[in-house]
Enquirer: 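Questions regarding the structure given below will be posed in turn.
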Amino acid sequence: MPRASLLALAFGNFVIGTGTLIVPGMLPQLAEGLGVSLPLGGQLITAFALTVCVAAPLLASATSRYDRRALLAAMQLLFVAGHVAAALISSFVPMLVVRVVTSLGAAVFTAQAASTAALLVPPQERGRAIAFVFMGWSVAAVLGLPLGAYVGATFGWHAGFAMVAGAAVLGAAAVWTLVPSGLQVQPVDGAMWRAILSNSSLLSVIAVTALVTAASFALFGYFVPAVHALIGASPEQVSVLLCGLGMMSIVGNTLAARFMDRAGASHVVLWCLGAVLAGHLLWPWSAGHPALLAVAVAVWGLGFAAGLSAQQARLAALAPTEAPVSIALNSSATYLGQAIGAAAAGTMIAHVSGAAGYASLARLSVPLLLAAIGLSVFASFRGARAVASA
């Protein structure tokens with residue numbers, strides 16, 4: 001595979017993932033600095049996610065005729081500007097506006113990096129290439145998010161945003177230098193949209209992404225205050241737990257990349273959903289038990305990011321020519337799930353305080369994961385029937 005190009009795309013995803021996840025990592029300090037409550041501060045997560053949800057498919061259509069290298073480098077530069085601005089802001093409403101504008105970079109980059117990876121390799125290697133590129137998000141959880149949480153707690157949230165801006169400068173340079181020019185996807189027109197929206201298998205796969213992301217962000221959106229409440233975690237312990245989550249995400253993504261093209265993306269998704277479910281089932285029992293919380297986080301991390309990368313490969317395999325839009329819709333589903341999960345969790349913890357409130361978040365996430373597993377099996381069954389009848 002063209003390792004240098006894929007590595008640049010993976011690093012770009014690392015920057016996007018770090019910029020997306022840094023707000024949950026710094027949420028207590030950010031809310032205090034902006035003079036708002038934790039639930040209101042959490043709306044920065046929701047606004048970012050909802051904007052990506054709406055913008056990703058629209059921008060996939062609007063940018064389908066652009067050279068992939070120029071488009072992806074421009075999105076990194078947008079992240080530079082957005083995080084520099086965030087580092088200079090000290091009130092909530094301007095921060096909300098800046099996060100919404102910055103989210104347009106995430107709306108384009110992750111989906112179009114996946115579709116660009118598919119252009120760089122032969123069909124039999126697409127699953128592995130997409131999983132490799134998406135590993136940047138897992139590395140963001142290992143390095144970017146814990147570092148952001150530590151920097152936010154130690155040096156302040158302004159420094160956290162400045163750190164992301166610096167990384168985005170490197171991301172833009174890497175994409176421009178290492179990704180070949182002249183890469184084009186099929187222009188998006190009404191016929192492609194009709195083909196996607198009439199494909200029940202594709203839509204079911206996308207819905208699975210929304211459900212599993214909503215479940216994970218019901219816990220992850222308030223992860224830092226949750227572990228403070230559950231085990232009285234110090235900033236260093238928070239970073240260790242986040243690092244453990246991210247390290248297991250890398251392990252999961254590595255395994256997914258290895259088995260994706262051999263076992264099939266739909267089977268990998270099912271294995272990943274089972275791991276996420278196991279972690280969330282352990283979550284309510286972890287109050288006062290740091291070791292059990294570490295196990296729950298590790299098992300959850302093993303499946304979450306790997307499942308999302310397998311979902312992208314699954315869509316590319318179901319309809320290769322429509323992948324730029326279907327993967328963009330999948331990104332929309334990812335951020336829609338983030339918005340729903342974070343908003344629902346904020347409502348729950350506003351009414352139930354302390355460790356009991358954070359432990360009860362599993363009552364929201366576990367049913368969502370069970371629904372995702374059922375729908376994933378249904379989508380595989382429908383896809384197999386469609387292939388058999390073709």
Enquirer: Could you pull out the closest heavy-atom pair between V52 and A107, with the gap in Å?
Expert: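 Closest approach of V52 to A107, heavy atoms only: CG1-CA, 3.6 Å.
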Enquirer: What distance do L88 atom CG and H83 atom NE2 have between them, rounded to the nearest 0.5 Å?
Expert: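 With rounding to 0.5 Å, CG (L88) is 12.5 Å from NE2 (H83).
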Enquirer: Locate the shortest heavy-atom distance separating G307 from V269; write the atom from each residue and the value.
Expert: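 Where G307 meets V269 most closely, the heavy atoms are O-CG2, 4.1 Å.
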Enquirer: For side-chain contact (heavy atoms from CB on, under 4.5 Å), just list the numbers for F11 and L7, CA-CA rounded to whole Å, side-chain angles, deciding distance to a tenth of an Å, and then say yes or no.
Expert: CA-CA 6 Å; F11 181 74; L7 187 60; 5.7 Å; no
Enquirer: Is there a path of hydrophobic side-chain contacts, each under 4.5 Å between heavy atoms of I/L/V/M/F/W/Y residues, joining L375 to L308?
Expert: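 Yes, L308 and L375 fall within the same hydrophobic cluster.
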Enquirer: Any side-chain to backbone donor/acceptor pair from T213 onto G337? Under 3.5 Å, distance only.
Expert: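 Here the side-chain-to-backbone pair does not exist.
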Enquirer: Quick one, Q237 and P290 - any side-chain contact, counting heavy atoms below 4.5 Å?
Expert: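 In short, these two side chains do not touch, never coming nearer than 4.5 Å.
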Enquirer: Which heavy atom in L104 sits nearest to a heavy atom in M75, and how many Å separate them?
Expert: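 Between these two residues, the closest heavy atoms are O-SD, 3.9 Å.
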Enquirer: Should W137 and S249 count as side-chain neighbours, where that means a heavy-atom distance under 4.5 Å?
Expert: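 No, side chains not in contact.
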Enquirer: Between T209 and N330, is a side chain to side chain donor-acceptor pair (under 3.5 Å) present by the stated rule, with each step listed?
Expert: CA-CA 7 Å; T209 295; N330 194 61; 2.6 Å; yes
Enquirer: For W193 and S61, does a side-chain donor sit closer than 3.5 Å to a side-chain acceptor?
Expert: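 Yes, a side-chain donor-acceptor pair sits under 3.5 Å.
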Enquirer: Is P2 close to V121 at the side-chain level, that is, under 4.5 Å between some pair of heavy atoms?
Expert: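 Heavy-atom side-chain distance check passes, below 4.5 Å.
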Enquirer: Taking the side chain as everything from C-beta on, heavy atoms only, tell me whether Y150 gets closer than 4.5 Å to V238.
Expert: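 Side-chain contact under 4.5 Å: no.
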Enquirer: Applying side chain to side chain donor-acceptor pair (under 3.5 Å) to R68 and Q112, what does each step give before you reach the verdict?
Expert: CA-CA 8 Å; R68 298 294 93 181; Q112 300 313 314; 2.9 Å; yes
Enquirer: Between E322 and M192, does a side-chain contact (heavy atoms from CB on, under 4.5 Å) hold up when you go through it step by step?
Expert: CA-CA 7 Å; E322 293 145 14; M192 183 180 290; 3.7 Å; yes
Enquirer: When rounded to the nearest 0.5 angstrom, what distance separates CE in M26 from NE2 in H158?
Expert: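 Between atom CE of M26 and atom NE2 of H158 there are 9.5 Å.
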Enquirer: For the backbone of L178 and the side chain of S5, can you confirm whether one donor and one acceptor N or O come within less than 3.5 Å of each other?
Expert: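 Yes, S5 side chain to L178 backbone: donor-acceptor pair under 3.5 Å.
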Enquirer: Please answer: with hydrophobic residues joined when any side-chain heavy atoms are less than 4.5 Å apart, are L277 and V268 in the same cluster?
Expert: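 In one cluster: no.
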Enquirer: Step by step, would you call V251 with L302 a side-chain contact (heavy atoms from CB on, under 4.5 Å)?
Expert: CA-CA 7 Å; V251 171; L302 183 67; 3.9 Å; yes
Enquirer: Evaluate the side-chain proximity of L78 to F109: yes if any heavy-atom separation is below 4.5 Å, no if none is.
Expert: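 Of all side-chain heavy-atom pairs linking L78 with F109, none is under 4.5 Å.
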Enquirer: Distance from F223 atom CZ to F217 atom CZ, nearest 0.5 Å?
Expert: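 F223 CZ to F217 CZ: 12.0 Å, rounded to 0.5 Å.
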Enquirer: Quick check on M163: does its CE atom have over 12 non-hydrogen neighbours (other residues, nucleotides or ligands) under 6.0 Å away?
Expert: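 Atom CE in M163 is crowded, with more than 12 foreign heavy atoms closer than 6.0 Å.
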Enquirer: Could you check whether any side-chain N or O of H280 sits under 3.5 Å from a backbone N or O of A362, counting only pairs where one atom can act as donor and the other as acceptor?
Expert: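 Side chain of H280 to backbone of A362, a donor-acceptor pair under 3.5 Å: no, none is there.
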Enquirer: Do other residues, nucleotides or ligands put more than 12 heavy atoms under 6.0 Å from the CZ atom of F92?
Expert: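 Yes, CZ of F92 has more than 12 neighbouring heavy atoms, counting only those of other groups under 6.0 Å.
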Enquirer: Check the pair F220 / L242 against side-chain contact (heavy atoms from CB on, under 4.5 Å), numbers first and verdict last.
Expert: CA-CA 10 Å; F220 191 73; L242 289 171; 4.0 Å; yes
Enquirer: Taking all atoms of both residues into account, what is the closest heavy-atom pair of A263 and W271, and its distance?
Expert: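 Closest approach of A263 to W271, heavy atoms only: CB-CH2, 3.8 Å.
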Enquirer: Are there more than 12 heavy atoms of other residues, nucleotides or ligands under 6.0 Å from atom NE2 of H267?
Expert: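 Count not over threshold, so no.
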Enquirer: Using only atom types and a distance under 3.5 Å, with no angle test, would you say the side chain of Q311 pairs donor to acceptor with the backbone of V205?
Expert: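 Looks like yes, one N/O pair under 3.5 Å.
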Enquirer: Is there a continuous path of hydrophobic side-chain contacts, each under 4.5 Å between heavy atoms, that joins L58 to I196?
Expert: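 Different hydrophobic clusters.
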Enquirer: Rounded to the nearest 0.5 Å, how far apart are CD of E32 and CG of L27?
Expert: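 E32 atom CD to L27 atom CG measures 11.5 Å (nearest 0.5 Å).
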Enquirer: Closest approach of V151 and G160, non-hydrogen atoms and distance?
Expert: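 Heavy atoms only, the tightest pair is CG1-N, 3.7 Å.
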Enquirer: Under 6.0 Å from the ring centre and within 45 degrees of the ring axis: does the NZ or CZ of R3 meet both conditions for the six-membered ring of F132?
Expert: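 Yes, R3 lies over the aromatic ring of F132.
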Enquirer: Just verifying a value: how many Å separate W157 CH2 and S90 OG, rounded to the nearest 0.5 Å?
Expert: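 The CH2 atom of W157 sits 4.5 Å away from the OG atom of S90.
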Enquirer: Is M135 reachable from M260 through a run of hydrophobic residues whose side-chain heavy atoms are each under 4.5 Å from the next?
Expert: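 No, M260 does not connect to M135 through the hydrophobic network.
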Enquirer: Taking the side chain as every heavy atom from C-beta outward, state whether V23 and F48 have any atom pair closer than 4.5 Å.
Expert: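 Not in contact.
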Enquirer: Could you state whether L273 and V377 fall into the same hydrophobic cluster, counting links through intermediate Ile, Leu, Val, Met, Phe, Trp or Tyr residues with side-chain heavy atoms under 4.5 angstrom apart?
Expert: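 Yes.
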Enquirer: I need the L245 CG to W300 CH2 distance, nearest 0.5 Å.
Expert: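 It comes to 6.0 Å.
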Enquirer: Please determine which of S309, S380, S326 meets the side-chain hydrogen bond (donor to acceptor under 3.5 Å, both in side chains) test together with R314.
Expert: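 Among S309, S380, S326, the one meeting side-chain hydrogen bond (donor to acceptor under 3.5 Å, both in side chains) with R314 is S380.
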Enquirer: Any donor and acceptor pair, going by atom type alone, linking the side chain of Q312 with main-chain N or O of A111 inside 3.5 Å?
Expert: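 No: the side chain of Q312 does not pair with the backbone of A111.
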Enquirer: Considering non-hydrogen atoms only, spot the tightest contact between S181 and D67 and give its length.
Expert: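 Where S181 meets D67 most closely, the heavy atoms are C-OD1, 3.5 Å.
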Enquirer: Do I231 and H289 make a side-chain contact, defined as non-hydrogen atoms from C-beta onward lying under 4.5 Å apart?
Expert: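 No, too far: nothing below the 4.5 Å cut-off.
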Enquirer: Would you mind reporting whether S216 and V276 have side-chain heavy atoms less than 4.5 Å apart?
Expert: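 Side-chain contact under 4.5 Å: yes.
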